[in-house]
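In this chain, numbering begins with 1 at the start of the sequence shown. When a ligand or atom number is given, it counts from 1 through the structure's own listing order. Please read all numbers here as calculations on a predicted model, not as lab measurements.
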Amino acid sequence: MSKRSHDDAAAAGDPKEARREAKRLKKEKKAQKTEPSNGDIAVPAQLDAVVNDKQPTSTDEVLSKDERKALRRAQKQAARAPEAHEVARPATGTLGDQEAAAKAERKAVKLAEKSTRKIAKPSEHGNGQTSGEITAGDKHGAVTSGRENVDESAYREDTGLAALPQSDIDAFVVDNHLAIEDPHKQAYRPIIDFKYLPGDATQRAPFANFSAPTPIQAACWPYLFAGRDVIGVAETGSGKTLAFGLPCVRYIASLPKSVRNGVKACMVSPTRELAMQIHEQLVKLAEPAGVKVVCVYGGMSKDEQRRTLKGAHVVVATPGRLNDFLQEGAIDLSGATYVVLDEADRMLDKGFEEEVRKIISTTAPTGRQTLMFTATWPPSVRELADTFMKAPVKVMIGENASGELRANARIVQEVEVTTQIEKQPRLIQLLKEYQSGKNKNDRILVFCLYKKEATRIEEFIRRRGFNVGGIHGDLSQQKRIESLDAFKVGTVPILVATDVAARGLDIPAVKLVINVTFPLTVEDYVHRIGRTGRAGQDGKAVTMFTDAEKHLAGGLINVLKAANQAVPEELMKFGTTVKKKGHEAYGAFYKDTADMKKATKITFD
Ligand SMILES: Nc1ncnc2c1ncn2[C@@H]1O[C@H](COP(=O)(O)OP(=O)(O)OP(=O)(O)O)[C@@H](O)[C@H]1O
């Protein structure tokens with residue numbers, strides 16, 4: 001039984017149900033002791049009872065006097081966690097209060113877990129040995145230390161994976177520039193092959209076309225199966241959706257039918273198209289497992305979406321529409337214990353922060369597992385992220401253990417320093433060059449900054465005889481969906497877009513990204529060009545850069561250098577200083593008036 005099924009029984013407030021669950025739990029524990037480890041996702045049972053302060057009677061029966069004492073100590077500590085969490089809720093306190101509360105919460109949870117671990121059996125590795133280290137001695141500072149905290153009651157490593165020589169794990173860590181920071185130092189081995197996934201072979205069917213888990217999947221899955229909060233940072237197109245999607249579906253599928261009703265998971269994404277795409281990917285995993293995933297987003301009929309919510313276990317949503325439904329009571333997230341922010345840095349910036357706070361405050365108050373995934377993780381959002389999470393495990397893939405801005409290294413990036421007037425003829429030249437011969441059917445994504453600009457460029461390209469579509473905020477949602485579909489299937493091979501298409505969209509055939517106007521931030525640039533070079537393929541991006549964006553030259557130069565790309569001389573001329581990031585909502589055009597000289601007050605008689 002999973003951590004949350006016990007939760008649900010108790011939360012349902014039915015003592016009989018809870019007692020039945022407790023009995024089942026006892027039985028399962030017994031069975032687990034005799035069963036050989038097959039890598040099933042097991043339950044951190046005592047921790048669950050401790051952290052969620054539930055039905056201690058069953059645990060009392062199986063524990064000694066000392067163990068019971070330790071458990072009670074842990075319960076006290078855990079009882080403080082939800083309180084601290086409540087305080088941490090943004091609406092109720094100042095930033096200082098929130099920080100203190102978050103700290104207190106983390107401490108309480110840590111203490112609770114520590115006490116629990118004391119009463120749990122000493123962890124042994126699946127093959128009978130106490131586990132070794134997975135420190136790779138990685139030059140990039142991969143942090144994977146001692147395995148003394150591997151907690152088999154939370155997630156049981158497959159015996160085959162546990163038996164692999166340490167050198168195999170080290171090689172995986174080094175080759176993939178994998179860095180894991182875990183405050184609890186649980187040091188789970190990455191699931192480097194699908195055969196090491198918990199469950200039987202039929203559950204691996206959705207991966208039949210993939211040869212191996214991607215590094216972000218391999219590294220995150222064990223921690224997610226173990227119920228931990230995770231921040232996952234990996235390049236664009238590296239399979240993050242399934243990294244957070246698979247454990248979600250498996251968790252819900254593992255719940256007994258009696259407690260499976262209601263929304264158990266909620267995934268929030270910044271754009272409608274991305275929400276739809278996550279939904280599409282998840283349905284493939286969820287349907288065979290009997291888990292219902294629905295998608296709600298703005299711009300489409302509410303009635304229709306309201307109907308689909310019936311019987312949903314997972315809701316994928318954009319924040320605005322989700323809050324609408326929450327406000328009108330059409331959706332209840334109080335049982336949602338699995339919460340994901342995709343494109344997390346975008347979700348936490350000024351434009352979305354409030355909406356996200358509101359959503360999170362309606363999810364399960366205790367036992368919540370919070371996940372954040374992104375390709376870019378600027379320092380500006382890290383502290384805020386921590387306020388929503390409990391001792392998160394940070395999984396970073398790439399040569400940036402510190403989470404610096406990195407583009408996908410398989411994308412060839414060309415930057416052309418140009419002028420406004422030269423842009424349009426150059427664009428046509430590029431389209432002709434890349435839409436001829438064997439490249440005729442390649443998809444090309446053209447990015448503009450503003451909606452009006454996108455409309456103008458789309459018209460301009462069409463007048464020159466190209467088959468082109470558009471996607472931006474001035475178009476109806478129906479039109480946006482049509483344009484994207486036509487682009488995906490290739491009937492319209494050129495798509496002109498604003499940054500609504502910059503993040504997350506997975507269209508494998510995009511061979512070229514053209515940036516007609518540079519975005520407001522270098523992070524957005526990394527996401528835009530990440531629409532090509534997906535799932536291990538190569539890609540190319542051509543960027544027109546003008547004097548108007550010179551304040552972003554330093555950041556861009558760093559991204560180019562980090563990916564071993566050529567830096568044009570003309571770009572260097574703008575200087576290499578990385579300017580302080582602009583306002584999260586208004587980008588580089590924001591002026592912080594706090595530092596401005598006070599105006600002289602003139603009075604007239
Ligand atoms: N293990 C795997 N092996 C090969 N391909 C995979 C694997 N897992 C996922 N993919 C494919 O990789 C592509 C990119 O995945 P996904 O959209 O999850 O990327 P992402 O990391 O979320 O990208 P972004 O940061 O741009 O949102 C998808 O087409 C997906 O089906």
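- For ligand 1 and Gly239, the ligand atoms under 4.0 Å from any heavy atom of the residue are 9 (C), 15 (O), 16 (P), 18 (O), 19 (O), 20 (P), 21 (O).
- Residue Gly237 holds the heavy atom nearest to atom 24 (P) of ligand 1 of all those in Ser211, Pro215, Gly245, Gly237.
- Taking every heavy atom of Glu343 and a limit of under 4.0 angstrom, the matching atoms of ligand 1 come to 27 (O).
- Listed by number with element, the atoms of ligand 1 under 4.0 Å from a non-hydrogen atom of Thr214 are 1 (N), 2 (C), 7 (C).
- The residue from Phe225, Tyr155, Trp221 that alone fulfils the ring-ring contact (aromatic ring centres under 6.0 Å, His included) condition with Tyr188 is Tyr155.
- Remark: ligand 1 atoms within the under-4.0 Å shell around heavy atoms of Arg531 are 26 (O).
- With respect to Asp168 and Arg189, no salt bridge is recorded, no charged nitrogen being found less than 4.0 Å from a carboxylate O.
- Taking any N or O of Ala234, backbone or side chain, none lies under 3.5 Å from an N or O belonging to ligand 1.
- Residue, atom and distance of the protein heavy atom nearest to atom 25 (O) of ligand 1 are Lys240 NZ, 2.7 Å.
- Lys240 places no side-chain N or O within 3.5 Å of a backbone atom of Ile216 that could act as its donor or acceptor partner.
- Closest heavy-atom approach to atom 31 (O) of ligand 1 within the set Phe210, Phe373, Phe194, Phe244: this belongs to Phe210.
- Near Ala212, with a cut-off below 4.0 Å to any heavy atom, the atoms of ligand 1 are 1 (N), 2 (C), 3 (N).
- Of all the heavy atoms of Arg534, the ones lying under 4.0 Å from any atom of ligand 1 belong exclusively to the side chain.
- The shortest side-chain heavy-atom distance between Gln369 and Leu371 falls under the 4.5 Å cut-off.
- For atom 12 (O) of ligand 1, the closest heavy atom belonging to the protein is Ala535 CB, 3.3 Å.
- In Ala243, neither the side chain nor the backbone holds a heavy atom less than 4.0 Å from any atom of ligand 1.
- Put simply, the residue from Glu343, Glu523, Arg346, His527 that forms a side chain to side chain donor-acceptor pair (under 3.5 Å) with Thr376 is His527.
- For Cys220 against Val230, the heavy-atom pair with the smallest separation is SG-CG1, 3.9 Å.
- For Ser238, heavy-atom contacts with ligand 1 shorter than 4.0 Å involve the backbone as well as the side chain.
- Below 4.0 Å from some heavy atom of Pro213 lie the following atoms of ligand 1, by number and element: 1 (N).
- In summary, Glu354 and Lys358 do not engage in a salt bridge, as defined by a charged side-chain N under 4.0 Å from a carboxylate O.
- Nearest non-hydrogen protein atom to atom 18 (O) of ligand 1 is Thr241 OG1, 2.7 Å.
- Judged by distance alone, with hydrogens and angles left aside, the side-chain atoms of Arg480 form no donor-acceptor pair with the main-chain N or O of Leu475 at under 3.5 Å.
- A salt bridge links Lys540 to Glu414: at least one charged side-chain nitrogen sits closer than 4.0 Å to a carboxylate oxygen.
- Within the 4.0 Å heavy-atom criterion, neither part of His527 lies near ligand 1.
- Of all the listed residues (Asp342, Asp506, Asn408), Asp506 holds the heavy atom that lies closest to atom 13 (C) of ligand 1.
- Here OG of Ser269 is found 9.0 Å from CD of Gln277. Values are rounded to the nearest 0.5 Å.
- Of the candidates Gln217, Gln537, Arg503, Gln217 brings a heavy atom nearest to atom 9 (C) of ligand 1.
- Counting only N and O atoms by type, the side chains of Tyr525 and Gln413 include a donor and acceptor under 3.5 Å apart.
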